[in-house]
Amino acid sequence: TGANGYIGTFLKKKLKHKYKIKTLGKNVKNDYKIDLSNTKKVNNFFSKSKFDCVIHCAANVPGKKNKIFSKKNYSINHLFTENIVKNHKTSIIFISSTKVYNKFARIGYPFPIQVNKLSDYASSKILSENLIINKVNKHLILRVPSVIGPNVKNGLLYKTIKKKFILKKIPQDNWCLISIQHLLKPIESFIKGKLSNGIHNIGYDVNYSFSNILNYTYKLKNINHKIKTTKNFKLFLAKKFQIDKKYYFKDLKNYILNIK
C-alpha cells in the first residue's frame with residue numbers, strides 16, 4: 001500500500017526484480033484500485049486475493065493538504081490498517097514513524113487538538129502498531145525518521161533550505177532523519193525470514209538535534225549564520241538497525257548540496 005508515495009515507490013522499484021509485487025490504493029496507477037478506508041471493498045478484495053506479505057506504507061500525513069492533522073485523518077489512517085489486518089494476518093511490514101516519541105503522541109485521539117501538527121499522526125501510528133502486534137502472526141514494524149533522498153521536495157529540512165533558513169520558531173521536538181536507501185535491508189531480511197517479530201527504530205548511531213543539522217547545512221551552503229543549540233535526541237537502536245555515523249554526514253551532505 002502507499003506505492004505512489006516516496007517510500008512505496010522506492011520499495012517497489014527495488015523489490016520488483018526479486019519478488020512478485022502488486023500495489024493497492026486509490027490511485028489509478030496501482031495494480032488494484034481500491035480505497036483502503038472502504039471496509040466493504042477491502043473485505044471483498046482480500047476474500048479473492050491472497051498475499052504472502054503486505055508492506056503497509058499508506059497514510060495521510062501532515063503537509064500542504066493537511067495543514068492541521070484532524071480527527072478525521074487520524075481515524076482514516078488507523079482504518080487503513082484495521083481493514084488490512086482484519087483480512088490479512090499472515091505477515092505485515094508496517095512503516096511507522098519516530099514521531100511516536102513526540103511528547104503529545106499517545107494511544108487514542110488527543111483531545112483537545114494539539115497545536116503540534118504531528119501529534120495526531122503519531123498517535124494514529126501507535127494505535128496501528130498495537131493492533132498489528134496483537135493480531136498479525138508475523139510482523140515487522142519499522143519506526144522510520146524523516147526520509148531524505150533523491151527528489152525529496154518536502155519535509156522540514158527541505159522547506160527550511162528553500163525558505164532561505166528563515167524560521168519564526170526553532171522546533172524543539174525530537175527530530176531525526178534517514179536516507180531512504182537504508183530502509184531496504186531490514187525489509188528484505190524480514191521477507192527472507194532472517195528477522196523475528198518486533199518494533200524497531202532504524203537510524204544513524206548519532207545524537208540528533210535540529211541545531212546540529214541546520215548549522216551543518218549553513219556550513220555546507222557557506223552561510224555565515226548559526227542557531228543556538230537545541231536538545232539532543234538519540235534513538236535506541238538494535239545492532240541490526242543501527243547505521244554507522246559515517247553515513248549520516250555523507251547522506252546529509254549529498255541531500256543538502258542537491259537542493260537548488
Side-chain angles (χ1 to χ4, degrees), residues 1-27 29-61 76-98 100 107 124-145 147 178 180-203 237-243:
T1 71
N4 299 300
Y6 189 71
I7 294 177
T9 299
F10 169 81
L11 292 177
K12 180 183 176 182
K13 181 180 177 182
K14 294 295 182 181
L15 295 172
K16 67 180 181 180
H17 302 296
K18 298 180 182 179
Y19 306 95
K20 188 177 180 182
I21 304 291
K22 295 293 182 181
T23 61
L24 175 66
K26 285 196 297 185
N27 195 298
K29 294 180 181 179
N30 286 291
D31 296 305
Y32 302 104
K33 184 178 181 296
I34 185 170
D35 181 355
L36 289 170
S37 66
N38 188 316
T39 302
K40 186 175 179 180
K41 288 185 177 180
V42 174
N43 291 347
N44 183 55
F45 170 77
F46 276 101
S47 70
K48 299 174 182 177
S49 305
K50 303 300 178 185
F51 302 93
D52 296 319
C53 181
V54 172
I55 304 177
H56 182 28
C57 304
N60 289 323
V61 297
I76 287 175
N77 270 358
H78 183 60
L79 185 58
F80 291 165
T81 307
E82 202 171 41
N83 285 339
I84 292 168
V85 169
K86 190 186 300 180
N87 292 282
H88 177 88
K89 295 181 173 64
T90 309
S91 180
I92 288 180
I93 298 170
F94 179 54
I95 304 301
S96 188
S97 171
T98 55
V100 299
I107 296 176
S124 74
K125 290 292 188 184
I126 294 172
L127 191 61
S128 292
E129 286 180 357
N130 279 271
L131 178 67
I132 291 168
I133 289 168
N134 288 300
K135 297 292 184 180
V136 180
N137 299 330
K138 290 177 62 181
H139 55 265
L140 172 65
I141 296 170
L142 277 183
R143 288 179 171 171
V144 178
V147 173
I178 190 171
I180 193 164
Q181 72 223 36
H182 299 298
L183 300 185
L184 187 62
K185 186 177 178 179
I187 287 173
E188 281 206 273
S189 293
F190 181 78
I191 292 171
K192 293 174 181 177
K194 295 180 180 180
L195 285 178
S196 55
N197 289 356
I199 299 179
H200 297 283
N201 298 321
I202 182 169
L237 299 165
K239 195 168 183 180
K240 290 182 179 179
F241 299 87
Q242 190 179 90
I243 303 161

Practice prompt. Grab the two heavy atoms, one from Leu131 and one from Glu82, that are nearest each other, plus how far apart they are.
Written response: CD2-CA, 3.6 Å

Worksheet entry | Donor-acceptor pair, side chain of Asp31 and main chain of Thr23, under 3.5 angstrom | yes

Worksheet item: If you round to the nearest 0.5 Å, how far is CG of Leu195 from CG of Leu140?
Response: 6.5 Å

Worksheet item: Does the side chain of Lys138 reach to within under 4.5 Å of the side chain of Thr90, using non-hydrogen atoms?
Response: no

Discussion item. Is the terminal nitrogen or CZ of Lys86 (NZ for Lys, CZ for Arg) located under 6.0 angstrom from the six-membered ring centre of Phe46 and within 45° of that ring's axis?
Written reply: no

Worksheet item: Thr9 and Ala3: which non-hydrogen atoms are nearest, and at how many Å?
Response: OG1-O, 3.0 Å

Discussion item. Please check: side-chain N/O of Asn77 versus main-chain N/O of Lys125, any donor-acceptor pairing under 3.5 Å?
Written reply: no

Worksheet item: What are the two closest heavy atoms between Ser128 and Thr81, and how far apart are they?
Response: OG-OG1, 3.1 Å

Fill in: Between CD1 on residue Ile199 and CD1 on residue Ile133, distance to nearest 0.5 Å
3.5 Å

Item to complete: Would you indicate whether Lys89, at its atom NZ, is surrounded by more than 12 heavy atoms from other residues, nucleotides or ligands within a distance under 6.0 Å?
Response: yes

Worksheet item: To the nearest 0.5 Å, what is the distance between CD1 (Ile132) and CG (Leu127)?
Response: 10.0 Å

Worksheet item: In Å and rounded to the nearest 0.5 Å, what is the OH to OG1 distance from Tyr32 to Thr1?
Response: 14.5 Å

Acceptor/donor pairs from residues 11-20 side chains to any protein atom, 3.5 angstrom cut, sequence neighbours excluded:
unit_1	atom_1	unit_2	atom_2	d
Lys18	NZ	Glu188	OE1	3.3
Lys18	NZ	Glu188	OE2	3.2

Item to complete: Search all heavy atoms of Asp35 against all heavy atoms of Lys26 and return the closest pair with its distance.
Response: CA-CG, 3.6 Å

Worksheet item: Name the one of His56, His88, His200, His139 that satisfies ring-ring contact (aromatic ring centres under 6.0 Å, His included) with Phe94?
Response: His56

Worksheet entry | Spacing of Glu129 atom CD and Ser97 atom OG [to the nearest 0.5 Å] | 9.0 Å

Fill in: Full working for side-chain hydrogen bond (donor to acceptor under 3.5 Å, both in side chains) between His78 and Ser124
CA-CA 6 Å; His78 183 60; Ser124 74; over 6 Å; no

Worksheet entry | Donor-acceptor contact below 3.5 Å, side chain Lys135 vs main chain Asn130 | no

Practice prompt. May I ask you to test the Ile191-Ile93 pair for a side-chain heavy-atom distance under 4.5 Å?
Written response: yes

Fill in: More than 12 heavy atoms from other groups under 6.0 Å of CG on Asp52
no

Practice prompt. Please examine the side chains of Phe45 and Leu24, heavy atoms only from C-beta on, and report whether any two atoms are closer than 4.5 Å.
Written response: yes

Worksheet item: In Å and rounded to the nearest 0.5 Å, what is the CG to CG distance from Asn38 to Asn83?
Response: 8.0 Å

Response to the item:
Tightest non-hydrogen contact, residues Phe190 and Ser91, listed as CE2-OG, 3.4 Å

Practice prompt. Over all heavy atoms of both residues, which pair between Cys57 and Ile7 is shortest? Give the atoms and the distance, please.
Written response: SG-CG2, 4.2 Å

